[in-house]
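Each remark here refers to the structure printed beneath this line.
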Amino acid sequence: MMDLKTLVTRTLEKKGVLAKIRAELRASVFEAIEEEDRVIEKDEGLPPALLGSCNDRAKQLHASPSGRLLTALLCEYLDWAQLNHTLKVYLPECNAQKDSWKAELKEFSSKNGYDLNRNGDSGPLLLDVLEGFLKFEVCPCL
């Protein structure tokens, strides 16, 4: 017979509760590191520690216009897929502010005449971008 701790743990794992708790804990850790980075950067002028985990190419990509758009598309997908816990971990990893991706998508859509609400909840903008690329660049037969 299973002990109570094992039974509770397995039940929580089956319902996905433990994964959410782990993700929230990771997000909390990243938020604490990010806050500490702000204090250190302000007081000592040192770069944020979270970006220290990225290689130089990734840092350059995050800072470029196409990198910001890519981040925004990924964040919109995570939001659409209701992967909020993953989003909370991802944003600090790429040193992005909480809702900065929304402004990036609005700017992209206004520059290109794209209606962000065109698909409603049926699909993220990233899907449209990929379908458009595949249709016109890779396989015009689609």
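These numbers come from a predicted model, not from an experiment.
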* Asked: Are Glu24 and Lys20 ion-paired here, with the side-chain N under 4.0 Å from a carboxylate O?
  ->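 Result for this pair is no, no salt bridge flagged.
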To the nearest 0.5 angstrom, please state how far the [atom1] atom of [X] sits from the [atom2] atom of [Y].
X: Lys106; Y: Lys102; atom1: NZ; atom2: NZ; result: 8.0 Å
X: Thr71; Y: Glu76; atom1: OG1; atom2: CD; result: 13.0 Å
X: Cys75; Y: Leu83; atom1: SG; atom2: CG; result: 11.5 Å

* **Closest approach of Pro65 to Glu104 (non-hydrogen atoms, all atoms of both residues)** =>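 For Pro65 and Glu104, the tightest heavy-atom pair comes out as O-OE2, 4.3 Å.
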* Asked: Only one of Asp79, Leu69, Leu78, Leu73 clears side chain to side chain contact (heavy atoms under 4.5 Å, CB included) with Trp101; which?
  ->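 The side chain to side chain contact (heavy atoms under 4.5 Å, CB included) with Trp101 is passed solely by Asp79 among Asp79, Leu69, Leu78, Leu73.
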* Could you state whether Leu127 and Trp80 fall into the same hydrophobic cluster, counting links through intermediate Ile, Leu, Val, Met, Phe, Trp or Tyr residues with side-chain heavy atoms under 4.5 angstrom apart? =>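 Different clusters.
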* Min side-chain heavy-atom separation Leu125-Phe108 under 4.5 Å ->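 The answer is yes; the side chains approach within 4.5 Å.
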